[in-house]
Amino acid sequence: ALVQMVSERARAVRPRLKISAAVLNNWAVYRDFVGQDWKLWCERGWLDFVCPMNYTESEAGYENWIRQQKQWAGPAGLVPGIGITSSHTTLAPDATVRQIEITRRYETQGFILFNFGEREAKEIIPTLGLGPTKR
């Protein structure tokens, strides 16, 4: 009800506003466990895109999440979060690049990098500028 209300009220003020939510990655589990029914939010059009926090060092695990989340997000966009540095992950530059490549292979609407700090600014972002995010 909260997501519906925020979506409807925000769009009443700014009709072209894009609404998203950063959500836990496993809709099937967290729908009931923490009340994040983001598949429903996407189906009802309350979200324009969803940003699952896919913080894992496993490339196979990351790819499995993206594959499943594309189905759950349906017509809404999918912009997955890559956990460069989180409480569960510390990705090296090459591992970050590989997760970006997986994301692009599944034609998502983009990706989000978490967390931006000193290490990321010095080690990760310059590497990404040489390849996967080069203009």
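- Trp38 CH2 to Gln69 CD: the interatomic distance, rounded to the nearest 0.5 Å, is 5.0 Å.
- Contact check for Asn25 versus Pro80: no side-chain heavy atoms found under the 4.5 Å cut-off.
- Placement of Leu24 and Val29 within a single hydrophobic cluster is found when ILVMFWY residues are connected by side-chain heavy-atom separations under 4.5 Å, directly or transitively.
- Linking Ile, Leu, Val, Met, Phe, Trp and Tyr residues whenever their side-chain heavy atoms come within less than 4.5 Å places Met53 and Val34 in a single cluster.
- One finds the CZ atom of Arg105 at 11.5 Å from the CZ atom of Arg98 (value rounded to the nearest 0.5 Å).
- Using a distance-only test at 3.5 Å, with no hydrogens or angles considered, a donor-acceptor pair links the side chain of Arg104 to the main chain of Pro132.
- Between the side chain of Thr133 and the backbone N or O of Leu128 there is at least one donor-acceptor pair closer than 3.5 Å.
- For residues 40-49, the side chain to side chain donor-acceptor pair (under 3.5 Å) pairs, not counting sequence neighbours, are Arg11-Asp48, Lys39-Glu43.
- Hydrophobic clustering, with ILVMFWY side chains joined whenever heavy atoms are under 4.5 angstrom apart, keeps Ile66 apart from Tyr55.
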### Query
Can Glu63 and Arg67 be said to form a side chain to side chain contact (heavy atoms under 4.5 Å, CB included), step by step?
CA-CA 6 Å; Glu63 184 166 2; Arg67 183 181 309 112; 3.8 Å; yes
### Candidate pair Glu120 and Leu113, rule side chain to side chain contact (heavy atoms under 4.5 Å, CB included), full reasoning
CA-CA 9 Å; Glu120 294 76 23; Leu113 301 176; over 6 Å; no
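- Gln71 places no side-chain N or O within 3.5 Å of a backbone atom of Gln68 that could act as its donor or acceptor partner.
- Considering only heavy atoms from C-beta on, Phe111 comes within 4.5 Å of Ile100 through its side chain.
- Here Asp94 contributes atom CG and Ile124 contributes atom CD1; the two are 8.5 Å apart, rounded to the nearest 0.5 Å.
- A pairwise comparison of heavy atoms in Ser7 and Gly45 identifies OG-O, 4.3 Å as the closest pair.
- Considering OG1 of Thr56 and NE2 of His88, their distance stands at 10.0 Å, rounded to 0.5 Å.
- The CD1 atom of Ile84 sits 10.5 Å away from the OG1 atom of Thr90 when rounded to the nearest 0.5 Å.
- With Gln99 contributing its side chain and Tyr62 its backbone, the two residues share no donor-acceptor pair below 3.5 Å.
- Grouping Ile, Leu, Val, Met, Phe, Trp and Tyr by side-chain contacts under 4.5 Å, direct or through others, puts Val79 with Phe49, Ile112.
- Proximity of Asn26 to Trp72: side-chain heavy atoms (C-beta onward) are separated by under 4.5 Å at one or more points.
- Side-chain atoms of Thr89 do not come within 3.5 Å of backbone N or O of Leu91 as any donor-acceptor pair.
- At least one donor-acceptor pair under 3.5 Å links the side chain of Gln109 to the backbone N or O of Leu78.
- In this structure, the separation between NZ on Lys18 and CG on Leu47 is 12.0 Å, given to the nearest 0.5 Å.
- Using a 4.5 Å cut-off on side-chain heavy atoms (C-beta onward), Asn54 and Ile82 make no contact.
- Residues Gly61 and Ser58 share a closest heavy-atom pair of N-OG, 2.8 Å.
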